[in-house]
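A short worksheet on the structure shown next.
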Amino acid sequence: MEEAYSPPVEVFSGSGYEEIGWSLSDFFSQLAPPRKRTKRMTVADARHVLTQEETERLVDVDRVYDDAIHLVEENGIVFIDEVDKIAGPYVEAHGPDVSGAGVQRDLLPIIEGSTVSTRYGQVRTDHVLFVAAGAFTSARPSDLIPEFQGRFPIRVELQPLVEADLCQILVEPRNALTQQYSALLATEGVEVEFTKEGVEELAHHAFLVNERDENIGARRLFTVMERVLQDISFAAEEYQGQKVSIDREFVRTKLGDLVRDEDLRRYVL
């Protein structure tokens, strides 16, 4: 007597549900082919479009995915910011654990080394470097659960930013605030120049506000710069075709009284 045939049953759980969604989306995209649209263009534009299409045909997408996954597994770095927000005493609750301790336990398997399902394939995190950072003003690293602490054995305490650091942040990065504001106002026909003394004065006032009020680090430069250039930004048409120099006196005029007034400083800067 022949045994009845029963089709194999595949069981999905956990991250498998995401794979189902990706598979269905791919299936439906192939089921309904895209409509062909006719578009008139010049020969030069058509040549550019055809070159892109032929280039895409020459690329082995599967090979690209495999190489990318290999690079992630061997050289990947994951930075977890504001980890102090999930530090704190464990609170007993019914149902799913949505406390900070619960988030830490959810992160543990990934940090310890496991296989993560992505739409591009399986990624192992055994050799991925995990870096966590936090301010820890109202919490301490020891408030994290022991298992989570043990996955970050190397701890480094950073020193507060000084005026020299703030000066470097204002001018050295490729997307420094001084360059951003210069490029932004240049679109309105206003040439803005930051002198060395002006940058030092901006950093000095940001440092003073951090010292007297809450120290939010380099984020203070955003509010200080906005306050200094507020009038020019909102009335750019009046300065069109002119060159504005942001020097020490200009910064002191805009921020001097504001920094000295505790109430205004607290709510404006």
Would you say Val171 ends up clustered with Tyr181 if hydrophobic residues are merged whenever their side chains have heavy atoms under 4.5 Å apart, either directly or through other cluster members? yes

Asp67 side-chain N/O to Val64 backbone N/O, donor-acceptor pair under 3.5 Å: no

Rounding to 0.5 Å, atoms CD (Glu56) and OG1 (Thr51) come to a distance of 11.0 Å

If hydrophobic clusters are built from ILVMFWY residues whose side chains come within less than 4.5 Å, do Val162 and Val199 share one? no

Can you confirm whether Glu200 sits close enough to Arg248 that some side-chain heavy atom of one is under 4.5 Å from a side-chain heavy atom of the other? yes

Do you reckon Val61 sits in the same ILVMFWY cluster as Tyr120, going by side-chain contacts under 4.5 Å, direct or chained? yes

Roughly how far apart are Ile246 CD1 and Thr178 OG1, rounded to 0.5 Å? 11.0 Å

Please report the closest heavy-atom contact between Cys167 and Ala203, naming both atoms and the distance. SG-CB, 3.5 Å

Tell me whether Val228 is reachable from Leu184 by hopping between hydrophobic residues (I, L, V, M, F, W, Y) whose side-chain heavy atoms are closer than 4.5 Å. no

Between Pro173 and Gln168, which heavy-atom pair has the shortest distance, and what is it? CD-O, 3.2 Å

Donor-acceptor side-chain pairing of Glu74 and His127 below 3.5 angstrom: no

Quick check against the 3.5 Å criterion: does Thr125 have a side-chain atom that pairs as donor or acceptor with the backbone of Ile111? no

CD/Glu237: more than 12 non-hydrogen atoms of other groups inside 6.0 Å: yes

Looking only at heavy atoms, the pair that brings Asp84 and Ala139 closest together is O-CB, 4.3 Å

Check Leu144 against Ala87 and note the closest heavy-atom contact, atom names and distance. CD2-CB, 3.6 Å

Spacing of Ile145 atom CD1 and Arg105 atom CZ [to the nearest 0.5 Å]: 4.5 Å

State the NE2-CG distance between His70 and Asn75, to the nearest 0.5 angstrom. 7.5 Å

Please say whether more than 12 non-hydrogen atoms of neighbouring residues, nucleotides or ligands are located less than 6.0 Å from CZ in Phe234. no

For atom CZ of Arg212, decide whether the heavy atoms of other residues, nucleotides or ligands shown that lie under 6.0 angstrom number more than 12. yes

Whether the side chain of Thr195 engages the backbone of Gly198 through a donor-acceptor N/O pair (distance < 3.5 Å, no angle test) should be reported. yes

What's the spacing between Asn215 CG and Arg220 CZ if we round to 0.5 Å? 7.5 Å

For Arg124, does its backbone N or O pair with a side-chain atom of Glu73 as donor and acceptor, under 3.5 Å? yes

Would you say CZ of Arg155 has more than 12 non-hydrogen atoms from neighbouring residues, nucleotides or ligands within 6.0 angstrom? yes

Give a yes or no on whether the backbone of Gly217 and the side-chain of Asn210 come within a donor-acceptor separation of less than 3.5 Å. yes

If you measure from NE2 on His204 to CG on Leu202, what distance do you get to the nearest 0.5 Å? 11.0 Å

Got more than 12 heavy atoms from elsewhere within 6.0 Å of CD1, Ile154? no

Within a strict 4.5 Å, meaning less than it, do heavy atoms of the Val123 and Val128 side chains meet? no

Do Arg151 and Gln104 get their side chains close enough for a donor-acceptor pair, meaning under 3.5 Å? no

Hey, any chance Leu170 and Phe222 share a hydrophobic cluster, counting ILVMFWY side chains that come within less than 4.5 Å of each other, even indirectly? yes

Is there a donor-acceptor contact under 3.5 Å from the side chain of His205 to the main chain of Glu201? yes

Non-hydrogen atoms of Gln149 and Pro141 that approach each other most closely: CD-O, 3.4 Å

Check Phe152 against Phe148 and note the closest heavy-atom contact, atom names and distance. CD1-O, 3.3 Å

Applying side-chain contact (heavy atoms from CB on, under 4.5 Å), run through Ser245 and Phe250 and close with a yes or a no. CA-CA 8 Å; Ser245 179; Phe250 187 93; over 6 Å; no

Do the side chains of Leu185 and Tyr239 get nearer than 4.5 Å, heavy atoms only? no

Does the side chain of Phe130 reach to within under 4.5 Å of the side chain of Ile110, using non-hydrogen atoms? yes

Does NZ belonging to Lys85 count more than 12 external heavy atoms closer than 6.0 Å? yes

